[in-house]
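As the structure is a computational prediction, the values presented were derived from the model and not from experiment. Residues take their numbers from the sequence shown, with the count starting at 1.
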Amino acid sequence: MIGIVRLALAGLMAITAMGTARAEGALKARIGVLRLSSSAPVFIAQDKGYFREAGLDVELKFFDAAQPIAVATTSGDIDFGVTAFTAGLYNLAGKGVLKVIGGMSREKAGYPLIGYFASNNAYASGLKTPKDLAGKRVAMTQVGSSFHYSLGLLADKYGFKLADVKIVPLQSLSNAAAALKGETVDAALLPISTARKLMDDGGAKFLGWVGDETPWQLGAVFASPKTLTNKVLVTKLLGAVAKADREYHDVILAAMKDGVAPINDKTKPLLEIIAKYTNLPVEQVVGNCAYIDPDGKLDVKNVDNQIKWLQEQGFADKGFDANAIIAKEFVKAD
């Protein structure tokens, strides 16, 4: 009997040692993200152990705006960034210190993500739809941000001058939301996760979704050239994210109807993971599921259009295009 116990203990110790060895041999990676559903596959891969299964020890670092993620990637504070395209990100990539390695979120009709919201006073004064934003004070995180580009696309669609809009850059989503609630701006572009509480509390009015107005490739996965020299690390990370991309698409996005995901036995576990990392209740997450290509593809043509638009506006440096900033050996082009 004692011999059997000893064998069992020895087996348990061997299993524990193997697990420890695997953990010690794992490749470490720091990923910068926002607490938004647009990073849902990253949260799923982390929570369900897909990174760990790939031999990675991943640490998620959270930010409150997109541009600081790009800066942190170039400085080496993080190894990978997952966030929206911005003029600042493009400028860094144009200098060769960042490379795009995969697609992430997209603005797409039927999938609420970023919205146009009006202050109560502005709404009462006639600001009822996105096309009414001409001449208004509009809050966003930064000049040249994804929000700025969205507004530029809107101006092109409805034929008003972007120059006639007073852009109020407030550096963070929380600052933009506070300005809208405090009536110091007429409107703001905000992710629904940030705007939901404002609307529920009666602090803002909904005008429309960017995805319904002007669909485009919003986000991507990127890294510094130094990180890209470790091809094993990059390949393992993208493989784990791709597994989560497919699961997120097939389980949650495929079940959505009228912009809302159902809560059932199949979707609930993933919705709870997203809720955990976005600090939102599941009941809010269901209406806040960003579209992500199931294969992690990047709309390269749209990325090129973004760069050209930002260059024409003077937000991005001249002399580079999408081909110059994409790591073609990793990117799946759409």
If the threshold is 4.0 Å, N to carboxylate O, is there a salt bridge linking Lys332 and Asp245? no

Applying side-chain contact (heavy atoms from CB on, under 4.5 Å) to Trp309 and Asp156, what does each step give before you reach the verdict? CA-CA 11 Å; Trp309 185 88; Asp156 291 343; 3.9 Å; yes

Just wondering, do Leu218 and Phe85 contact through their side chains at under 4.5 Å, heavy atoms? no

Please answer: with hydrophobic residues joined when any side-chain heavy atoms are less than 4.5 Å apart, are Leu280 and Ile44 in the same cluster? yes

Apply side-chain contact (heavy atoms from CB on, under 4.5 Å) to residues Lys243 and Lys48 and explain how you reach the verdict. CA-CA 11 Å; Lys243 183 177 181 180; Lys48 296 193 73 173; over 6 Å; no

Close side-chain approach of Val234 and Phe80, heavy atoms under 4.5 Å: yes

Check for a donor-acceptor pair, side chain of Lys157 on one end and backbone N or O of Thr214 on the other, with a separation under 3.5 Å. no

Please identify each residue that fulfils side chain to side chain donor-acceptor pair (under 3.5 Å) with Asp79, with sequence neighbours left out. Arg30

Which of these, Arg106, Lys301, Lys297, sits in a salt bridge (Lys or Arg N to Asp or Glu O under 4.0 Å) with Asp334? Arg106

For the residue pair Ser119 and Asn121, confirm or rule out a side-chain donor-acceptor distance under 3.5 Å. no

CG-OG1 distance between Leu34 and Thr141, expressed to the nearest 0.5 angstrom: 9.0 Å

Steps toward side-chain hydrogen bond (donor to acceptor under 3.5 Å, both in side chains) verdict (Tyr90, Gln311): CA-CA 10 Å; Tyr90 282 130; Gln311 289 170 337; over 6 Å; no

Short side-chain to backbone donor-acceptor contact, Asp164 and Ala134, under 3.5 Å: no

No-hydrogen, no-angle side-chain donor-acceptor test under 3.5 Å, Glu247 and Tyr50: yes

Donor-acceptor check, side chain of Asp212 to backbone of Gly110, threshold 3.5 angstrom: yes or no? yes

I want to check something: taking the side chain as every heavy atom from C-beta on, are Gln171 and Gln142 in contact at a cut-off of under 4.5 Å? yes

Taking C-beta and beyond as the side chain, do Lys136 and Val165 meet within less than 4.5 Å on heavy atoms? no

Just wondering, do Trp209 and Leu113 contact through their side chains at under 4.5 Å, heavy atoms? no

Would you say Glu59's side chain and Ile31's backbone share a donor-acceptor pair under 3.5 angstrom? no

Do Leu233 and Leu98 sit in one hydrophobic cluster, given that two such residues count as connected whenever their side-chain heavy atoms are within less than 4.5 Å of each other, even indirectly? no

side-chain contact (heavy atoms from CB on, under 4.5 Å) between Met104 and Ile292, intermediate numbers included: CA-CA 6 Å; Met104 192 52 70; Ile292 293 170; 3.7 Å; yes

Between Leu270 and Ile273, is there a side-chain heavy-atom distance shorter than 4.5 Å? yes

Is a donor on one side and an acceptor on the other found under 3.5 Å between the side chain of Asn91 and the backbone of Asp317? yes

State whether Tyr123 and Lys128 meet the cation-pi test: NZ (Lys) or CZ (Arg) under 6.0 Å from the six-membered ring centroid, and within 45° of the perpendicular axis. yes

Under 3.5 Å donor-acceptor, Gln217 side chain and Asn302 backbone: no

For residues Val210 and Val303: do they belong to one hydrophobic cluster (side chain heavy atoms under 4.5 Å, members Ile, Leu, Val, Met, Phe, Trp, Tyr)? yes

Any side-chain to backbone donor/acceptor pair from Asn120 onto Gly202? Under 3.5 Å, distance only. yes

Worked check of side-chain contact (heavy atoms from CB on, under 4.5 Å) between Ile325 and Phe222: CA-CA 10 Å; Ile325 69 167; Phe222 51 93; over 6 Å; no

Find the distance between CD1 (Ile252) and OG1 (Thr267) and round it off to the nearest 0.5 Å. 6.5 Å

Taking a hydrophobic cluster as the set of Ile, Leu, Val, Met, Phe, Trp and Tyr residues connected by side-chain heavy atoms closer than 4.5 Å, whether directly or through intermediates, do Val251 and Met256 fall within one such cluster? yes

With no hydrogens and no angle check, is any side-chain donor or acceptor of Arg35 less than 3.5 Å from a backbone partner on Tyr277? yes

I want to check something: taking the side chain as every heavy atom from C-beta on, are Met199 and Ile192 in contact at a cut-off of under 4.5 Å? yes

How long is the gap from CD1 on Ile167 to CG on Leu162, to the nearest 0.5 Å? 5.5 Å

Using modelled atom types and a 3.5 Å cut-off, is there a donor and acceptor pairing between side-chain atoms of Thr74 and backbone atoms of Val97? no

Donor-acceptor pair, side chain of Asn175 and main chain of Leu170, under 3.5 angstrom: yes

Check this for me: does any side-chain nitrogen of one of Arg52 and Asp57 sit under 4.0 Å from a carboxylate oxygen of the other? no

Are Met140 and Leu127 joined in one hydrophobic group, where the rule is that I, L, V, M, F, W and Y side chains link up if heavy atoms are under 4.5 Å apart? yes

Is the closest side-chain heavy-atom distance between Phe315 and Ser145 below 4.5 Å? no

Exercise: do Gln306 and Tyr149 side chains pair donor with acceptor under 3.5 Å: no

